[in-house]
A.B. asks: 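Following this message is one structure expressed as structure tokens.
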Amino acid sequence: MAQSDVALDRGERLTVRLPEIGRIEAHVIWSADGRAGCQLERVIPPDRFTRMLSQMKPKARIRPRE
């Protein structure tokens with residue numbers, strides 16, 4: 001999933017740059033509220049995927065209690 005200030009339409013092709021992977025082509029599968037799900041054009045090997053995830057730090061989100 002990606003977040004963007006630019007509207008992305010389903011089927012649109014783009015190039016994304018990922019840590020440890022570099023540039024990779026993708027196309028948008030879905031788009032809603034400034035977010036989009038993308039399918040990558042090539043498979044990322046599991047060891048490189050794990051290294052990529054270790055470099056990415058998720059943003060902390062505070063969710064209100066209901």
Side-chain angles (χ1 to χ4, degrees):
M1 183 176 72
Q3 188 169 358
S4 175
D5 293 333
V6 177
L8 299 171
D9 295 322
R10 185 171 186 239
E12 190 170 348
R13 300 184 77 70
L14 35 116
T15 302
V16 294
R17 193 161 108 196
L18 301 171
E20 195 65 39
I21 307 301
R23 292 176 191 250
I24 188 167
E25 297 289 323
H27 66 272
V28 178
I29 300 297
W30 61 267
S31 178
D33 301 323
R35 296 177 297 152
C38 300
Q39 180 175 345
L40 303 177
E41 288 292 318
R42 67 178 195 266
V43 175
I44 299 172
D47 61 322
R48 291 184 70 196
F49 184 77
T50 301
R51 288 195 309 260
M52 177 190 73
L53 290 179
S54 70
Q55 291 183 26
M56 299 172 76
K57 297 182 181 184
K59 295 179 182 176
R61 292 184 184 177
I62 299 172
R63 295 183 185 186
R65 293 184 183 188
E66 294 181 14

A.B. asks: Pro19 and Met56: which non-hydrogen atoms are nearest, and at how many Å?
C.D. replies: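 Scanning both residues completely, I find the closest heavy atoms to be CG-CG, 3.8 Å.
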A.B. asks: Hey, what else clusters with Val43 if you join Ile, Leu, Val, Met, Phe, Trp, Tyr whenever side-chain heavy atoms sit under 4.5 Å?
C.D. replies: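 Result for Val43 is none, singleton.
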A.B. asks: Give the minimum heavy-atom separation between Leu14 and Leu8, together with the two atoms involved.
C.D. replies: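 Where Leu14 meets Leu8 most closely, the heavy atoms are CD2-CD2, 3.9 Å.
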A.B. asks: Does Arg51, at its CZ atom, have more than 12 non-hydrogen atoms belonging to other residues, nucleotides or ligands within less than 6.0 Å?
C.D. replies: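 Counting neighbours around CZ of Arg51, more than 12 heavy atoms of other residues, nucleotides or ligands fall under 6.0 Å, so yes.
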A.B. asks: For the side chain of Arg10 and the backbone of Ile29, is there at least one donor-acceptor N/O pair under 3.5 Å apart?
C.D. replies: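 Yes, Arg10 side chain to Ile29 backbone: donor-acceptor pair under 3.5 Å.
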A.B. asks: Please report the closest heavy-atom contact between Arg23 and Arg17, naming both atoms and the distance.
C.D. replies: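 In this case the closest contact between Arg23 and Arg17 is NH2-NH1, 4.0 Å.
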A.B. asks: Quick one: do Ile21 and Gln55 satisfy side chain to side chain contact (heavy atoms under 4.5 Å, CB included)? Show the steps, please.
C.D. replies: CA-CA 11 Å; Ile21 307 301; Gln55 291 183 26; over 6 Å; no
A.B. asks: For Thr15 and Glu25, work out which heavy atoms get closest and say how close.
C.D. replies: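 Here Thr15 and Glu25 meet closest at OG1-OE2, 2.8 Å.
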A.B. asks: Of all the heavy-atom pairs spanning Trp30 and Arg35, show the shortest one and how long it is.
C.D. replies: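 Distance-wise, the nearest heavy atoms are CZ3-O, 3.9 Å.
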A.B. asks: Hey, could you give me the NE2/CZ distance between His27 and Arg13, rounded to the nearest 0.5 Å?
C.D. replies: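 Answer for the NE2-CZ pair, His27 versus Arg13, is 6.5 Å.
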